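Below is one structure; the comments refer to it alone.
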Amino acid sequence: MQVRKQFPFAIFEPAWQRHWLEQSTFRAANPGEPGSEKPKYYALDMFPYPSGAGLHVGHPEGWIATDIISRQKRMKGFNVLHPMGWDAFGQPAENEAIKRKLNPREMVREFAATYKQQFDIVGLSYDWDREINSSDPNYYKWTQWLFLLLYQKGLAYRRNAPVNWCPVDKTVLANEEVVNGRCWRCDTVVQKRQMPQWFFKITAYADRLLNDLDGLNWPEGIRSMQRNWIGRSEGAEVDFVVEGREDKLRIFTTRPDTLWGATFMVLAPEHPLVKEIASESQRAAVDAYVLRAQHISDIDRLAEGKEKTGVWTGAYAVNPVNNSPVPIWIADYVLMGYGTGAIMAVPAHDQRDFEFAKKFDLPIVQVIDGGVAVEMEAYTGDGALINSGPLNGSPGGKEAAKKISQWLLEQGMGQPVVTFKLRDWLISRQRYWGAPIPIIHCPEHGEVPVHDADLPVKLPDVAHYEPSGTGEAPLATIPEFVNTACPVCGGPARRETDTMGGFACSSWYFLRFADPHNDSAPFSRESVDYWLPVDMYVGGAEHAVMHLLYARFWTKVLYDAGLVGFVEPFSTLRNQGMMLAYTPGRKPSHEDEAEETDGEPIEDWKVLRPEELATYPKDQIIYRWVKMSKSLRNVVTPDETAEKYGADALRVYEMFVAPFEETVQWSEDGIRGSAKFLQRVYRLTAQYVDGFSRIGWREKIERGLSDPEKALRRKTHQTIAKVTDDLESFRFNTSVAALMEWVNLMYEVSNALPKGRRSSALDEAIEYLIRLIAPYAPHLADELWEALGNDGFLYRNPWPISDANIAKADEITLIVQINGKVRDKMTAPADADNASIVALALASPRIRELLGGAEPKKVIPVAGKLVNIVI
RNA sequence: GGGGAAGUGGUGUAAUGGCAGCCACGCUAGUCUUAGGAACUAGUGCCGCAAGGCGUGGGGGUUCAAGUCCCCCCUUCCCCA
């Protein structure tokens, strides 16, 4: 092997990628095949939508991490499933196809091919035999089959419902897809519409989805987001009688313990009773207010700090616990869609009620003693109940709330209830590019599921598929698709023309990877029993409450149906951090502000277009760290980076630059360090390739090592342990630092060696270095492994095991402190006990001088570390 | 407003309650008879000639010992309202 100035990654990286591909190196053994007797490991990336915007260096961070884990697990003797596929159905793909005036089917195929090529450039070790595409009929056949499974279990149903309508994407959205009142895809303000829609009854699993979170090895942040999204709250429903009427007003409250403090009620303007109870004198004001509220979005209605508005209806209700009359108001801060659309207002202990009471001069009665009078703001803390009749003196809070709900039940005034914020999952989309919902509407038999044998209901090939804008699905305009026969009576019937939102496809794809070619079932029980659950799942945190919740839900449904034997699909989850780019921009101009459509927020910063960048005054350019994305024109691609520095350098750098889950400010300044490190590995190895013998160093290693060689050997075994540990806990950055330290020491030992001499300790280090670095820099490792005279791929060779006896230091630096400040350092035997290190410390001339004969008040020895002398 | 994460050199970062700053970037000086976006050597938290002192967003506390644990406050990011 020639020692070159620049290590020739451009030659050997593509060569090894070719070898791996040609020999199906990373094919996972199915149950029953040779290799399946090994323990299994399933490392999964969230499957991407292959966008035409292509990849940037932020995308591969997670893929590199799972790849490193996969490669290491193979070396540790696991049968590793590491698959990849395409989340090809859904709005993102369809919108892009419309914009580019392409057929989505062909577009996705083309983009997926590009992605695949980019994966290969980074050296990712996927088992491409298992590639899946959610828009392939062989895949969505089973998505439809699973829809029918949910339908038969009563977990899929159709009803007329007010839904989130995106006027730009021309379809409805699930609650989870509405972000701050806007469409998650195009950022348009969503509208409310009444339409018949399909739902999955995820609410039936709310408690299980909540409880099972506890056992998962997931980031706490994601689990808490799911808990908040599910939003379980215990409270009570209380009935208030409307004075002079039969009607009862039912309210929900999480604070039944403050019932005595309810001094008025507030109804949502849309509440059905509003019209009936409004008094003659108030009617005009009420009608005007109701009309006005219709034009304000939910977001604005709930906005914090907004001046409260409202109108008295002229009616009174009766507080059931003390029979006081309470006026009934309407106000837009109460929403019809939440709870019962009516609240009891307790101004003393709820801030919004407090503001309302102040504004309209309503009575405020304090019922929880917070130590001070409620004057400037509501008191929401705990305390003893006051002004609460029979409950005076007992503590308020959760326990009291429970007791009072029970008491309300006994009195027939209400009952304890558990509510969830979680709503049923809206799955209908009035779009073309999705799996058709396999239901037929028959005039005689109503909704009829399509027979299994008739699946898949194929998406027809059409020239035009743009959404109509009327809310009617594009499929409805295709008679050949719509008109069909009823599976029950054979009479004329119409197919359902809504398609499923993309999250249906991604709710089970991790199961299909276990058995991707099965054409008689979505997957065999045997395959999922062997491969699932996923041992390591990695992706972006943006899927916290959508995909991850839906996939958990489907898994539980499948468990109940006996199709899988586990209740949680992803044992361990890790999220990579965001990738930011330093991006030139400018203040918005007046033209920009004029361009903004009404209701759009005005950004305080605009990215500079390339043509602007050249001419814009330098001193007015404002640089910011913002998310890397095509639309901000700040993308750095993995291909260009790999071409410049090598795929291995890119991999090592992305792992080294920051802790895995941290946000990264991308810059090329550091990557040269990673490339340099790999080059140092290459050159060091090249120096000792001639005459290297794996047997040779093992025979000699026990004899005649110099002190530096012994130190190197210690470092070798310490590093093996460190890297192994760090990989287990996803601390890639510190593991790379440990490898660098070790290589630096190897150079020291090597440079001190007489020319032409070799050292068995160095040979040992080199061999283990190549193995340890293999998951991070697989091309370089295979190249060096071969250069050392070995056959085959490195991943078939075992991961090194650290020898604890060798790793153990026999000497330590003993720190001697006086009053906690370091005053002396000395070497001491590593196993010296407390008594001997105290003796050593006190014997130090420097310490004796500083003590000046004074008797220490206290001496604290910490064996193996330090002695602290207190004077 | 609620929930979560975080704040350490010029920069990215590292530190089972036990020497703050490992590793890397950058920078400074030097070596290699040309050149340098190469390689190597040495140095590099701040103040100070030095001895030494000071230092982990701010303020308290616990401890022989606090970046780390507790309380209060400030700032940034993410999620939910």
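Since the structure is predicted, the reported quantities are computational estimates derived from the model, not experimental observations.
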Listing, residues 644-651 of chain A side-chain donor-acceptor contacts under 3.5 Å, not counting sequence neighbours, or none:
| from | atom 1 | to | atom 2 | distance (Å) |
| --- | --- | --- | --- | --- |
| A/K644 | NZ | A/E668 | OE1 | 3.1 |
| A/Y645 | OH | A/E668 | OE1 | 2.9 |
| A/D648 | OD1 | A/H779 | ND1 | 2.7 |
| A/D648 | OD2 | A/L780 | N | 2.8 |
| A/R651 | NE | A/Y776 | O | 2.9 |
| A/R651 | NH1 | A/D67 | OD2 | 2.9 |
| A/R651 | NH1 | A/V122 | O | 3.1 |
| A/R651 | NH1 | A/G123 | O | 3.1 |
| A/R651 | NH2 | A/D67 | OD2 | 2.7 |
| A/R651 | NH2 | A/P775 | O | 2.8 |

For nucleotides 15-17 of chain B, list the nitrogen or oxygen atoms of the protein found under 3.5 Å from its nitrogen or oxygen atoms, one pair per line.
| from | atom 1 | to | atom 2 | distance (Å) |
| --- | --- | --- | --- | --- |
| B/U16 | O4 | A/K865 | NZ | 2.5 |

**Report entry** Short side-chain N/O contact to B/C78 OP1/OP2 from A/N575, under 4.0 Å
**Finding:** no
Report summary line: From CD of A/E849 across to P of B/G52 the rounded distance in Å is 10 Å
Query raised in the report: Under a 4.0 Å N-O cut-off, is there an ion pair linking A/R255 with A/D350?
Result: no
Query raised in the report: Considering only heavy atoms, which members of residues 819-837 of chain A lie under 4.0 Å from some atom of RNA chain B?
Result: A/K821, A/V822, A/R823, A/K825
Report summary line: Annotated structure of RNA chain B as dot-bracket, pair cut-off 3.5 Å, Watson-Crick or G-U only, | for inter-strand, is (((((((..(((.....[....)))((((((.......))))))(((....)))..(((((..]....)))))))))))).
Query raised in the report: Listed by chain and number, what are the side-chain hydrogen bond (donor to acceptor under 3.5 Å, both in side chains) partners of A/D833, not counting sequence neighbours?
Result: A/S836
Query raised in the report: Which residues pass the side-chain hydrogen bond (donor to acceptor under 3.5 Å, both in side chains) test with A/E661, sequence neighbours left out?
Result: none
Requested in this report: Determine which pairs satisfy salt bridge (charged side-chain N to carboxylate O under 4.0 Å, His left out) with at least one residue from residues 218-228 of chain A, sequence neighbours left out, and list them in order.
Outcome: A/D214-A/R227, A/E220-A/R223, A/E220-A/R227
Query raised in the report: Base, sugar-phosphate, or nothing for A/Q817, non-hydrogen atoms under 4.0 angstrom?
Result: base
Query - With A/D831 via salt bridge (Lys or Arg N to Asp or Glu O under 4.0 Å) - residues at least two apart - result: none
Query - Within the 6.0 Å centroid threshold, strictly below: A/F732 and A/F730 - result: yes
Query - side-chain contact (heavy atoms from CB on, under 4.5 Å) involving A/N733 - partner list, sequence neighbours excluded - result: A/P659, A/R731
Query - Counterpart residues, side-chain hydrogen bond (donor to acceptor under 3.5 Å, both in side chains), relative to A/S759 (two or more places apart) - result: A/E709
Query raised in the report: Is the distance from OP1 or OP2 of B/C80 to the nearest side-chain N or O of A/R227 less than 4.0 Å?
Result: no
Query raised in the report: Partners of A/N834 by side-chain hydrogen bond (donor to acceptor under 3.5 Å, both in side chains), sequence neighbours excluded?
Result: none
Report task. Kindly say whether, by distance alone, the side chain of A/N868 makes a donor-acceptor pair under 3.5 Å with the base of B/C64? Result -> yes
Query - Within residues 211-225 of chain A, residues whose heavy atoms come under 4.0 Å of RNA chain B - result: A/G221, A/S224, A/M225
